[in-house]
Structures are given as structure tokens and as C-alpha cells.
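Input: a single structure, listed below in C-alpha cells.
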Amino acid sequence: MPTKQLVLGAFEEFTPNFIGNSWHHERGDTAAFATLEFWTDMVTKLDAAGFDFFFMAEAIGYPMNDAGEVPEAVIREAVQFPVHDPLTIMSALAAATPRIGFVATASTTAQQPLLNARTFTTLDHLTGGRIGWNIVTSDNQQALVRLLGRTQVTPHDERYAAATEFVDLDLELWEGAWEDDAVRADKKNKVFADPSKVHRIRRDGTYFTFDGYFPATPSPQRTPTLFQAGTSEAGTTFAAQYAECVFTQDRNAARLAAGIARLRQKAVDAGRPASSIKVVNGASFIIADTEEEAQRLRAELNTTATREATAALFLGWSGVDLAQLDPEATLDDVSTEVGHTMLAMWRNPDGTSPTIGEILDSLPSTFGGMKFTGTVTSVADQVEAFVAETDVDGFLVENWYGGIEGYTEFTDQLMPELRRRGLLPETPRTGTLREMLTDADGPRLPDWHPAARYRR
């Protein structure tokens, strides 16, 4: 019987068209994506099925090239356009569900530390401790410059230096601004909070300054469960210091295994237990009664999106416009300050990297993470082998159709089989998000985390 029970998240974006560029597939149903009912229907069913968390990605902008030009396919085929605000919906979804956790993406390049800290504290209160923050530095730097008024594209490693300062300030606001017994709500003596236990925070950093009080009361987790996405050198160094869960999106088991081992060693080097980082890898699942039918469905899905739409999606995720490059060149010849993780997936150290033309031809079948395809039994076998080889802790299930239909076979057929094999718990996990996803003994960050130094 396997010793590792997987954690499961559902990977979505507040848009009609996400990873698969397949909103127009006959099984897709995202016409009502902008309504609350669309998402509450989905999340309540995922909660009942036993998913641990619902993860909503963010797209601040949309695919554009260095000149700010937007391919027509972006608007025509809904390639990360339209996209709505993921943070605004989280409390409503939590009110509709008793157990499942919620993870929202927010950018350290686009947000401000105080407002970000207040938003996640508010959400932690409203969800009863079921909120997580996926920390990103924003790959779409052109959107930040052209839509948010940034003066220039920030170099990749400098974004992580700024992110470190941003996160460290937020951690002090969450963990150090209010003592545990600061809120008294004493009507008789007219004391809501003890001023001696609410502390002024002062920072004068390279990227951010702060001098004042944090106006939000401590929430169940205080600090939201911390996610991080990105496998560049700077990204993994950052994750080893701060992240509790790391989102990867690799299709190569050997490469993922090496990356997980490297990440866990970095955590140890940072003074943390190796097991303190949980790695969840993106994965899509096509399940049918026969292997042949499953392969047919996968091939059909891979041909649903147009070449123009897939090229536009790659542009949005990586900052690289493949349509403007020599089809005989490889990404080894491309230098960019954005999308390092995406580009790294196409660069092989042995010099066998595919050409731009080959990438364009294969994009529909390679977006997203691991592809599991087959019957219930064979997919469960594939999952079991993948977990054993990589030491991954769970999966973010990628919905390639759009709408609840994209999870039907996974929840109704595969999850019971994974439970039977001991890869999922018999009963769904409960508690705060931190307690569900990590080895923490309670809702608060463990003492080994750098945030602990700010506690009073």
C-alpha cells in the first residue's frame, strides 16, 4: 500500500478559455463563466468529491509582443481575454462550500504589500482559514508596463529580489503587527484592542517602504498558506525560503524528480525539513472505456485549438512570439526577461532542443503538465508509477474542456480507484488549508519558517 496520500487541487482561471484553448470543444461549457453560479456549481461538486483545494490563476494582461501588438486570435478566440479578478470571488465560493480550500494568485510586481496583506487576511477570516496565496512575480511584464504604468520591464532575478522584500514585509504584518491577545472587545472598559499589543511596523527597503500599523485583525492562519510557481534558479531559491507548496508543470518524470530533489535540498540548506515543501504538479486526465478510445479523445482534444491561438497562448505565458521567429531556430537562441520556467521546459542541456517550427506543431499537445491517458486502471497505474518515480505530493488537475464536465471522469471514476489503492485518503481532509496540505500541527506557520522571527 502506498505511503503517500496525494493532495488534489483544481486548476482554473477566471476566463472562458484556459490551458487547452478548447472552450469551443463540444464538451466545453463556459458561456456563463462570469457568473457566480458557474463557479459555485463547480466548486461544490469538487468539494463533495474530495478535492483539497481550488486554485485560480491570474492573468493581469493578455498576450502581446514587445511592441504592444496583440494578435487578433487573442480577442477572436478568447486567449486569456477576457479574464476577471480571481480574488473577488473567493469568499463567495467559501460561503457555498463547507470544506475545500482556496488558492488565489497575486503578483508581487503588480500589487502593493499592505493591500495584498489586508486582502488575504480578510479572505482568511471569511473562509475560516481556508485561503492560500500563490506568489508570482508576473511573467507578462509587457502588460505591467503598458497597462499598469510601470516604466520598464524588470529583469527576472530582480523581480525575485523585490518579491523577497515584498513577502518579508507581508509576513511581518501578518505575524508581528498584532499580538495573539491584542483584541479584547471589552465593552465595559471600552477597549476593543490593547494599544500596547498592536505594533507599529517600520521598513525602509530597496523596493518598498512602510511606516505604520496593520489595520486587519489576526485571522485563523494569520499568514495564508504560501504557494509559489516557478522553477527557475531564482524561483526555487525563493521557494526554498518561503513556500509551503510549490506548483510545477512538468511532463518529464525524470526531470521533475531531479527538480523536486533539488528543491528539497535547497529547503534543507535554508534550515527547513526536506518534507516541509509539498510539490503539486499540473496534470490532465483523459479516461475512457478502452485505451484506443482514450487516445482518440486525447488526439481530438489536441486538435481543437487553432495554431494561431496556441501561439498566442505561448506568447502570453513566455513573452516569446514564436510566430516572429525563424522556424529553424531553437529556444536556445532566445533571450528574454520573462517566462524562464516556460522556456526551460523546451531547452534540453544535451543540445536536442526542438526547433521553433517543431514547437509550433506540437504546442496543442504539450501545454500544461503531465498527460495521463487511458482506462481507469491504466491511468491509476500511470499515476502510481509517476508518484513513485518523482516523489511528487499531488496534482493540480487541469480542466481542458472548461466547466464541470472537465472533471467528471476524474471525480466519478479515477478518484475511487485512487482511494482503493491508498493514494487518496478514505475521507476528505478537513481543517485550515495549511492543515490539509502540509505537515503543520495547527493553522499557524511552523517555527522553522522565517516568518516566525516576527512573532511577539
Side-chain angles (χ1 to χ4, degrees), residues 5-20 23 27-58 83-105 120 122-134 219-221 224-225 227 245 280 282-285 287 394-419 424-437 443:
Q5 292 187 331
L6 303 173
V7 296
L8 291 179
F11 192 30
E12 294 284 345
E13 189 173 74
F14 208 157
T15 173
N17 191 26
F18 192 25
I19 293 176
W23 60 272
R27 291 189 66 183
D29 183 14
T30 61
F33 88 96
T35 68
L36 180 59
E37 291 75 17
F38 175 88
W39 296 105
T40 53
D41 176 67
M42 177 187 293
V43 175
T44 53
K45 290 174 180 175
L46 294 174
D47 186 314
F51 269 69
D52 297 295
F53 64 99
F54 177 80
F55 182 110
M56 206 168 242
E58 168 69 295
V83 61
H84 294 187
D85 186 342
L87 286 167
T88 57
I89 199 172
M90 291 299 176
S91 60
L93 296 180
T97 52
R99 184 196 58 81
I100 195 170
F102 299 91
V103 181
T105 298
F120 277 97
T122 302
L123 286 172
D124 201 48
H125 278 296
L126 297 178
T127 62
R130 290 185 284 153
I131 195 70
W133 174 25
N134 179 42
S219 61
Q221 297 182 112
T225 303
F227 276 68
C245 299
V280 291
S284 66
F285 297 82
I287 299 167
F395 295 104
L396 264 182
V397 180
E398 299 166 350
N399 184 352
W400 276 60
Y401 295 118
I404 190 60
E405 182 69 17
Y407 298 102
T408 301
E409 288 85 5
F410 185 87
T411 58
D412 295 355
Q413 299 180 46
L414 185 59
M415 287 182 71
E417 176 63 17
L418 295 179
R419 283 197 185 94
L424 292 178
E426 284 294 327
T427 58
R429 298 177 176 95
T430 59
T432 65
L433 185 60
R434 177 165 290 114
E435 290 167 307
M436 285 198 287
L437 301 189

Considering all heavy atoms, the nearest A96-T40 contact: CB-CG2, 4.1 Å
Could you check whether any side-chain N or O of T225 sits under 3.5 Å from a backbone N or O of G132, counting only pairs where one atom can act as donor and the other as acceptor? no
To the nearest 0.5 Å, how far apart are CG in D85 and CD in E58? 6.0 Å
Answer yes or no: is there a donor N or O on one side and an acceptor on the other, between the side chain of R27 and the main chain of G406, under 3.5 Å? no
Do any N or O atoms from the side chain of T15 and from the backbone of V83 form a donor-acceptor pair under 3.5 angstrom? no
Please confirm whether the backbone N or O of N399 pairs with a side-chain atom of E12, one donor and one acceptor, at under 3.5 Å? no
Taken to the nearest 0.5 Å, the spacing of H125 NE2 from F120 CZ works out to 14.5 Å
I need the L396 CG to E398 CD distance, nearest 0.5 Å. 7.5 Å
A side-chain contact here means heavy atoms from C-beta on lying under 4.5 Å apart; do V103 and W133 qualify? no
Any donor and acceptor pair, going by atom type alone, linking the side chain of Q221 with main-chain N or O of I131 inside 3.5 Å? yes
Could you check if a side-chain atom of R434 sits within less than 4.5 angstrom of a side-chain atom of P443, using non-hydrogen atoms only? no
Give me the atom names and distance for the closest heavy-atom approach of T127 to A94. CG2-CB, 3.5 Å
Against F14, only a single residue in F54, W39, F38 fulfils ring pair (Phe, Tyr, Trp, His ring centres under 6.0 Å); can you say which? W39
Can you tell me how far apart CG (L36) and CG (L93) are? Round to the nearest 0.5 Å. 6.5 Å
For residues P220 and G128, report the shortest heavy-atom separation together with the two atoms involved. CG-C, 4.0 Å
For the residue pair Y401 and W23, establish whether any side-chain heavy-atom pair is separated by less than 4.5 Å. no
Out of curiosity, E37 CD to M42 CE, how far, rounded to the nearest 0.5 Å? 13.5 Å
When you compare the side chain of F102 with that of I100, does any pair of heavy atoms fall below 4.5 Å? yes
Search all heavy atoms of A10 against all heavy atoms of L46 and return the closest pair with its distance. CB-CD1, 3.5 Å
Is any side-chain heavy atom of T30 less than 4.5 Å from a side-chain heavy atom of N17? no
Does the side chain of R130 come within less than 4.5 Å of T97's, by heavy atoms? yes
Non-hydrogen side-chain atoms of E435 and R429 separated by less than 4.5 Å: no
In Å, rounded to the nearest 0.5 Å, how long is the span from CD of E409 to CE of M415? 14.0 Å
Any side-chain to backbone donor/acceptor pair from R419 onto L424? Under 3.5 Å, distance only. no
Nearest heavy atoms of S91 and L126, plus distance in Å: CB-CD1, 3.8 Å
Looking only at non-hydrogen atoms, find the nearest pair between T44 and D41 and report the distance. OG1-O, 3.1 Å
Can we call the ring centroids of F51 and F395 under 6.0 Å apart? no
Any sub-3.5 Å donor-acceptor pair from D52's side-chain atoms to L8's backbone N or O? yes
Backbone N or O of R99 within a donor-acceptor pair of the D47 side chain at under 3.5 Å? yes
Run the numbers on F11 and F53 for ring-ring contact (aromatic ring centres under 6.0 Å, His included), then give the verdict. CA-CA 9 Å; F11 192 30; F53 64 99; 9.7 Å; no
The test is side chain to side chain contact (heavy atoms under 4.5 Å, CB included); show your working for F227 and F55 and say whether it passes. CA-CA 10 Å; F227 276 68; F55 182 110; 4.0 Å; yes
